[in-house]
Amino acid sequence: MDRGRAALNAISPWRRTALAAVPVAALVVFTVWPVLTLATAVIDGRTVGDTLRIPGLARVLWFTTWQAAASTALTMVVGVVPAYLLHRFEFRWRTALRAALIVPFFLPTVVVAAAFLALLPSGLHDSPAALIAAHVFLNVAVVVQIVGAMWEVVPGDLTAAARTLGAGPLAVARTVVLPVMRPALVSAATVVFAFCFTSFGAAKLLGGAAHPTLEVEIVRRATQLGDVDGAAFLSIAQLVLLGVTIATSSWVQRRTRVALHGDARPRRTTWRNGVPRAGAAVAGLFVLPLAVMAGRSLHGRSGWTWGGWTRFSDTGRRGGLGTAVDVGGAVRVSLLYAATATLITCVVATLAALSIHLARRWGWLLDAGLAIPLATSAVTVGLGMLITFDVAPVDWRAAPWLIPVGHAMIATPFAVRSLLGALRATPEDQRAAAATLGSSPMRALWEVDGRALRRPLIGVAGVAATISLGEFGATTVLTRSGRTETLPIAIGRLLGRAGDLPRLQSFALSTILAVICATIVMVSSVLARRGPEAR
């Protein structure tokens with residue numbers, strides 16, 4: 001093992017620097033610089049004072065906070081049950097249940113908004129209830145993954161011993177299970193709260209003008225009112241609030257961590273004890289909104305019709321109703337942006353993961369810097385780029401490549417986490433064997449660690465592509481008039497129009513985008529499982 005690590009340590013400093021050059025440059029130019037520009041924009045007493053006196057700002061902040069808290073609480077309640085089913089039992093259709101819960105997390109928020117507009121009665125449109133329901137739908141996957149991972153390591157003999165001593169189910173849950181699960185519950189709740197607090201697409205399309213969140217207000221001030229300084233102040237304030245929340249969560253998790261020992265293998269079950277039925281019911285609930293949306297794309301006020309799928313260009317010739325959509329152009333632009341963002345993400349994340357893995361002292365700085373987008377929001381990323389790259393010689397606002405770069409910066413933190421996990425799980429004895437056979441340090445890195453990244457890179461590519469295809473916040477801020485719009489921008493525009501035809505069109509485009517994203521997620525998952533093994 002020592003020899004395997006020694007092979008990595010033998011890589012020369014200049015090679016380490018060369019590996020880190022690209023991710024460091026991307027981090028500094030497209031993340032740190034925009035955030036610092038935002039911070040500089042708010043260091044102005046007049047701007048701060050004017051922003052704090054914005055009419056209704058306190059109401060916006062209060063609504064953003066309480067809807068995020070309510071969404072988090074309901075998501076935790078809904079998500080704990082499928083997390084328990086998936087990670088403590090083995091049953092038929094288990095994979096299908098997992099897919100039904102995980103795929104919504106990767107769906108574009110505009111698609112989810114369209115699905116709930118199709119599902120819910122009109123009386124609940126533009127309401128907090130619709131927004132909270134959409135947040136639960138989007139974020140249950142977070143609870144399933146984080147809490148479920150902890151369920152897998154809760155020793156069965158620990159709970160069995162408590163029951164033997166006479167403890168009832170509630171007592172076992174309160175005195176044995178809850179203390180063990182608390183760090184995972186806190187972690188999941190923090191992540192869900194951050195996602196709900198910074199939600200833009202769902203908040204804009206489901207909350208309505210009467211219930212704006214902080215993200216919606218930031219975009220409104222930046223793109224409609226021309227108050228970029230005020231938007232920058234609100235972005236930095238939001239970043240600080242989230243930073244405090246995440247820091248508090250980390251402190252609580254450290255204080256409540258429990259060491260575990262014992263057997264936690266999943267129990268086998270059959271249809272007779274009802275567990276698979278419960279799983280099928282949960283899966284059906286999560287498929288229902290998308291199925292209803294697809295059906296509603298074919299059914300308008302006058303009955304069944306193909307108008308939502310066929311009349312995109314017709315509305316354009318009728319002139320100026322704002323419902324014309326170049327579907328082919330939107331699909332091409334979305335796929336081009338997705339391909340570009342995926343390529344950038346894979347390159348930057350791979351080099352970053354290798355650099356962090358090889359680092360002796362300063363790797364944590366790169367790791368922390370690349371995580372900045374996780375603590376911000378897509379709108380903040382887009383706004384930072386907008387006000388940073390607006391003067392020569394970096395007047396890039398109209399550059400077509402800036403949007404996929406923004407998408408890549410949003411996807412890179414997720415990619416780095418995945419690739420680092422694969423690198424750290426690689427056995428050291430493989431590197432030692434390569435060194436024993438005479439491989440140079442760089443050759444050993446390529447043969448051992450490079451091969452270890454092949455499978456995760458397929459999954460990373462799928463995640464990056466779906467993030468780019470569905471990205472709505474940063475794209476809204478960065479898209480210039482006259483540029484062909486992406487599918488999410490087209491869907492958002494149609495959902496904001498009155499009339500039956502725009503709503504049918506939005507449901508049709510949302511169905512197309514949902515199918516594309518779900519296909520990418522499933523294909524990348526299958527390819528990752530069947531990909532080449534690390535040798």
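Computation of the quantities below employed the complete heavy-atom set of this structure, encompassing side-chain atoms and omitting hydrogens, waters and symmetry-equivalent molecules.
Although no hydrogens or angles enter the test, the distance criterion places a donor-acceptor pair under 3.5 Å between the side chain of T72 and the main chain of A68. For the pair R497 (side chain) and P502 (backbone), a donor-acceptor distance under 3.5 Å is absent. At least one donor-acceptor pair under 3.5 Å links the side chain of S334 to the backbone N or O of L487. In this structure, the side chain of E471 does not engage the main chain of P488 through any donor-acceptor pair within 3.5 Å.
Taking CG of L86 as the start and CD1 of I102 as the end, the distance is 8.0 Å to the nearest 0.5 Å. Note: E217 CD to Q224 CD = 9.5 Å, rounded to the nearest 0.5 Å. Here the OG1 atom belonging to T380 is positioned 9.5 Å from the CG atom belonging to L234, to the nearest 0.5 angstrom. To the nearest 0.5 angstrom, R493 atom CZ is 8.5 Å from Q505 atom CD. Note that CG of L214 is 5.5 Å distant from CZ of F197, once rounded to the nearest 0.5 Å. The structure places CZ of R503 at 13.0 Å from OG of S297, a figure rounded to the nearest 0.5 Å.
Side-chain contact check for S468 versus P404: every heavy-atom pair is 4.5 Å or farther apart. Between N139 and V143, every side-chain heavy-atom pair lies at or beyond the 4.5 Å cut-off. Counting heavy atoms from C-beta outward, H125 and L117 have side chains that approach closer than 4.5 Å. Counting heavy atoms from C-beta outward, L185 and M76 have side chains that approach closer than 4.5 Å. V29 has its side chain within reach of F389: a pair of non-hydrogen atoms, C-beta onward, lies under 4.5 Å apart. Proximity of F195 to L138: side-chain heavy atoms (C-beta onward) are nowhere separated by under 4.5 Å. Between V142 and T75, the closest side-chain pair of non-hydrogen atoms is not below 4.5 Å.
Nearest heavy-atom pair, F116 versus P289, reported as atom, atom and distance to 0.1 Å: CZ-CG, 4.3 Å. In this structure, A130 and L206 approach most closely via the heavy-atom pair O-CD1, 3.7 Å. Taking both residues in full, the closest heavy atoms of L419 and P456 are given as CD2-CB, 3.7 Å, listed atom of the first, atom of the second, then distance. Between T64 and P212, the shortest heavy-atom contact is OG1-O, 4.4 Å. Taking every heavy atom of both residues into account, I491 and S510 meet most closely at CG2-OG, 3.4 Å. In terms of heavy atoms, A294 sits closest to T511 at CA-OG1, 3.6 Å.
There is a side-chain donor-acceptor pair under 3.5 Å between E215 and S377.
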Does the side-chain contact (heavy atoms from CB on, under 4.5 Å) test come out yes or no for L469 and I520, once each step is laid out? CA-CA 10 Å; L469 281 169; I520 290 174; 3.4 Å; yes
Item checked: Step-by-step side-chain contact (heavy atoms from CB on, under 4.5 Å) determination, V347 to L343 -> CA-CA 6 Å; V347 172; L343 178 61; 4.3 Å; yes
| query | Could you go step by step and tell me if F472 and I489 meet the side-chain contact (heavy atoms from CB on, under 4.5 Å) rule? | reply | CA-CA 7 Å; F472 186 57; I489 297 297; 3.8 Å; yes
*Derivation of the side-chain contact (heavy atoms from CB on, under 4.5 Å) call for L61 and T65*: CA-CA 6 Å; L61 182 58; T65 303; 4.2 Å; yes
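Among residues two or more places apart in sequence or in another chain, the side chain to side chain donor-acceptor pair (under 3.5 Å) test is passed with T37 by T388.
When each of T475, V216, I218 is paired with V379, the side-chain contact (heavy atoms from CB on, under 4.5 Å) condition holds for I218 and for no other.
Listed by first then second residue, pairs satisfying side-chain hydrogen bond (donor to acceptor under 3.5 Å, both in side chains) with a partner in residues 194-212 read H135-S199, not counting sequence neighbours. Under the ring pair (Phe, Tyr, Trp, His ring centres under 6.0 Å) criterion, the residue pairs touching residues 280-303 are F137-F286, H299-W304, with sequence neighbours excluded.
Counting non-hydrogen atoms of neighbouring residues, nucleotides and ligands closer than 6.0 angstrom, the CH2 atom of W306 reaches no more than 12 such neighbours.
Ring planes of F30 and W396: tilted class, angle from 30 to 60°.
With ring centers used as reference points, W66 lies under 6.0 Å from F63.
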